[in-house]
> 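Have a look at this one.
In the text below, chain A, chain B and the rest are named by the order of the sequence lines, each starting its count at 1.
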Amino acid sequence: MVRVRFAPSPTGYLHLGNARTALFNYLFAKHNNGILVLRIEDTDAERSKKEYETAIMEDLKWFGVKWDEGPDTGGENGPYRQTERLGLYRQAAEKLLQEGKVYRCYCTREETEERNRRAGKNESAGYDNFCRDLSPQDLGRYEREGRKPVLRFRVPGKKVEVNDLVRGQVVFEPGSIPDFVIMKSDGLPTFHFAVVIDDCMMKITHVIRGEDHLSNTPKHIMLFEAMGFDIPGFAHMSMTLGRDKTRLSKRHGATSVRAYRDEGYLPEAFFNYIALLGWGTAESQDIFSPEELVREFSIERCNKSNAVFDPEKLLWMNGLYMRKTTPARILNLSLPYLKEAGIAGDGETEEKMHYLEKAVSLEQEKIKLLKDVPYHIGFFVKEPVYEEKAVSKYLTEKGKEVLGAILTSFEGCEEWSIHDLEARVRDFCEAKGYKAGEVFHPLRVALSGKTTGPGLFEMIEHLGRDKTLERLKKWSA
RNA sequence: GCCCCCAUCGACUAUUGGUUAGGUCACCACUCUUUCAAGGUGGCAGGAGGGGUUCGAAUCCCCUUGGGGGCGCCA
């Protein structure tokens, strides 16, 4: 049984790069009929916040990553928050201490750096094993000084091989990894230790994570070995970068899943686009349903090189999914934005909802973001926002004259159907010798405030007789 | 400073020893059209550099360069 995990730290909103890691874990799990575990790595008491934990779970669910075991679902391998597992880590650490595989270290960071400096090494050269074999006297002296020790792992002097599912065999030579801390002086485990204990106890078979952890993996493997645990498979995914090929950060604009959700991206578009970052099929297919992705996904086809996140392609893909979905769904999802714009309120009548839905369907092919829906359909409900350039170009003296004449014609229109309306306008043009554009453009601007929009006669029909005549009167000479 | 990873159009990628190096986004042109989109057609554009191996290299090896990551009592 394949068991994988996604293990975020609740220190901020879900980041795009982490979202991709979560997605790949999910796809791998589902492809293999396995289990996805959500584990909250909240041992950093300073930065971890409960609200972020909630937000991360919401955002994962939003774009379609569902886990089988996690803090909210419970499960036999829990608890799923590291702060609720502290006893487990202490127990394991105690055992390692008994076995002499870890030792107490009393050095401060400053002391270590100072010694490194004096030894002519780089400050960040790593720990110098100062406390590795402290005499009982030294130990006692430090304790009497009131120093609180950390527990350091006694790194064996042999090479470590990582057999990575995407990178192949990666070898770390002896001496390249200094003795590292597994338990902090406050009694909390470090990331490296907690991860290994948890992955083992949660029966994780494959560790799929970002490449930023590749250099840490030998530490984890040594810990697995020291504790006699089975070593899981590892797969280190390439990183997600910004346009300038540096790590995705605020400089690149929105980097959280939440931000994209708020802008009005469709979850399936986000899901699809993110899956394409660092993974592809032999056919270079671009559009996948979630089911297809689950079926097609494989670790072997994951790219080794980093991928640049391209908001433009995401936007294009979102437009594509907008066109694929139903107007009713777009309407429902854009309700918050419509409310904010004063176009729809709570508990609208069925009639109004139908009216809005039709308006959405007329504009659907142009909608790229849910956030933009009010801009596109607002004039159907509220007084148009007249764009200055449109008015000065088309609602000229001559334009107003034309509108006045059209008004007369429309007033006599009883059926108010696309056909009737169009016939009237075309007859009018012919009778008065106007070119189509001389009439169409002023009409559109007077009714919608914009030079762009749906088909003119569909628009007039849907706008209705009253609003049409009223707006024409306003702009007639 | 030490260690690790990576390298195909501007971006995402396909091509795993023999291809006019393919697709998608973006961009440009044309087309459709009452507008804007969407659609259709076409175009621009790529193997980082240098050495090998081979009849033949984007593909295998080495070096250089460039980019990314790690070396915390952060995760």
> What's the CD1-P distance between A:Ile287 and B:U13, to the nearest Å?
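In whole Å, B:U13 P lies 15 Å from A:Ile287 CD1.
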
> Considering every strand and a 4.0 Å limit on heavy-atom distances, what is the contact class for A:Gly210: base, sugar-phosphate, or nothing?
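It contacts nothing in the nucleic acid.
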
> Taking the side chain of A:Glu41 as heavy atoms from C-beta outward, which of B:A75, B:C12, B:U13 is closest to it?
B:A75

> Could you pull out the closest heavy-atom pair between A:Thr451 and A:Val445, with the gap in Å?
CG2-CG2, 4.1 Å

> Please say whether the positively charged group of A:Lys219, taken as NZ for Lys or CZ for Arg, lies over the ring of A:Phe180, i.e. under 6.0 angstrom from the six-membered ring centre and within 45 degrees of the axis.
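Checked: cation-pi criterion met.
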
> If you go through the side-chain atoms of A:Lys366, does one of them form a donor-acceptor pair with the base of B:C36 closer than 3.5 Å?
yes

> Protein-nucleotides 70-73 of chain B N/O pairs closer than 3.5 Å?
from	atom 1	to	atom 2	distance (Å)
B:C71	O2	A:Ser124	O	3.4
B:C73	O2	A:Ser185	N	3.2
B:C73	O2	A:Ser185	OG	2.7
B:C73	N3	A:Ser185	OG	3.1
B:C73	N4	A:Cys107	O	3.4

> Under a 3.5 Å cut-off for both distances, is B:U20 Watson-Crick or wobble paired, and to whom?
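Looking at the geometry, B:U20 pairs with no nucleotide.
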
> Between A:Tyr394 and A:His441, is the ring centre distance below 6.0 Å?
yes

> Closest heavy-atom contact between A:Val150 and A:Ser185?
CG1-N, 3.6 Å

> Test for a donor-acceptor pair under 3.5 Å between the base of B:U24 and the side chain of A:Lys313, counting only N and O atoms.
yes

> Return the residues of residues 425-441 of chain A meeting this criterion: a heavy atom under 4.0 Å from some atom of RNA chain B. Order them by number, or give none.
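Per residue number, the list reads A:Arg426, A:Phe440, A:His441.
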
> Heavy atoms from C-beta onward define the side chain here; which of B:C74, B:A11, B:U35 lies closest to that of A:Val308?
B:A11

> Using 30° and 60° as the class boundaries, would you call the ring planes of A:His220 and A:His192 parallel, tilted or perpendicular?
tilted

> State, to 0.1 Å, how close A:Gln285 and A:Phe288 come at their nearest heavy-atom pair, and which atoms those are.
O-CE1, 3.2 Å

> For A:Glu312, report the nucleic acid contact type (base, sugar-phosphate, nothing); a contact means any heavy atom under 4.0 Å.
sugar-phosphate

> Looking at B:U24, B:C25, B:G69, which one has an atom nearest to any side-chain atom of A:Asp310?
B:C25

> Taking protein heavy atoms under 4.0 Å as touching, what does nucleotides 38-50 of chain B look like 5' to 3' if B marks base contact, S marks sugar-phosphate-only contact and - marks none?
SS-----------

> Could you tell me whether A:Lys324 sits above the aromatic face of A:Tyr321, with NZ or CZ closer than 6.0 angstrom to the six-membered ring centre and within 45 degrees of the axis?
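Cation-pi check for A:Lys324 and A:Tyr321: passes.
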
> Whole angstrom is fine here: how far is it from CD in A:Glu363 over to C1' in B:U35?
11 Å

> Counting only side-chain heavy atoms from C-beta out, which of B:G69, B:C6, B:G23 sits nearest to A:Met239?
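My answer, after comparing the listed nucleotides, is B:G69.
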
> Within the pair A:Arg39 and B:A75, is there a side-chain N or O less than 4.0 Å away from OP1 or OP2?
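Negative; the distance criterion is not met.
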
> Could you identify the nucleotide paired to B:G1, looking across every strand shown and requiring Watson-Crick or G-U wobble geometry with both distances under 3.5 Å?
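The answer is B:C71, by the H-bond criterion.
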
> Under 6.0 Å from the ring centre and within 45 degrees of the ring axis: does the NZ or CZ of A:Arg152 meet both conditions for the six-membered ring of A:Tyr127?
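A:Arg152 over A:Tyr127 ring: yes.
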
> Measure CD/A:Glu283 against C1'/B:C12 and give the value in whole Å, please.
16 Å

> For the side chain of A:Asn303, starting at C-beta, report the closest nucleotide among B:A75, B:G69, B:A14.
B:A14

> Classify the angle between the aromatic ring planes of A:Phe380 and A:His462 as parallel (below 30°), tilted (30 to 60°) or perpendicular (above 60°).
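Answer is perpendicular, since the angle exceeds 60°.
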
> Can you check whether A:Lys245 has a side-chain N or O nearer than 4.0 Å to OP1 or OP2 of B:A11?
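Yes, because at least one side-chain N or O of A:Lys245 sits under 4.0 Å from OP1 or OP2 of B:A11.
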
> Taking the six-membered ring for Trp and the full ring for Phe, Tyr or His, determine whether the centres of A:His252 and A:Phe309 are under 6.0 Å apart.
no

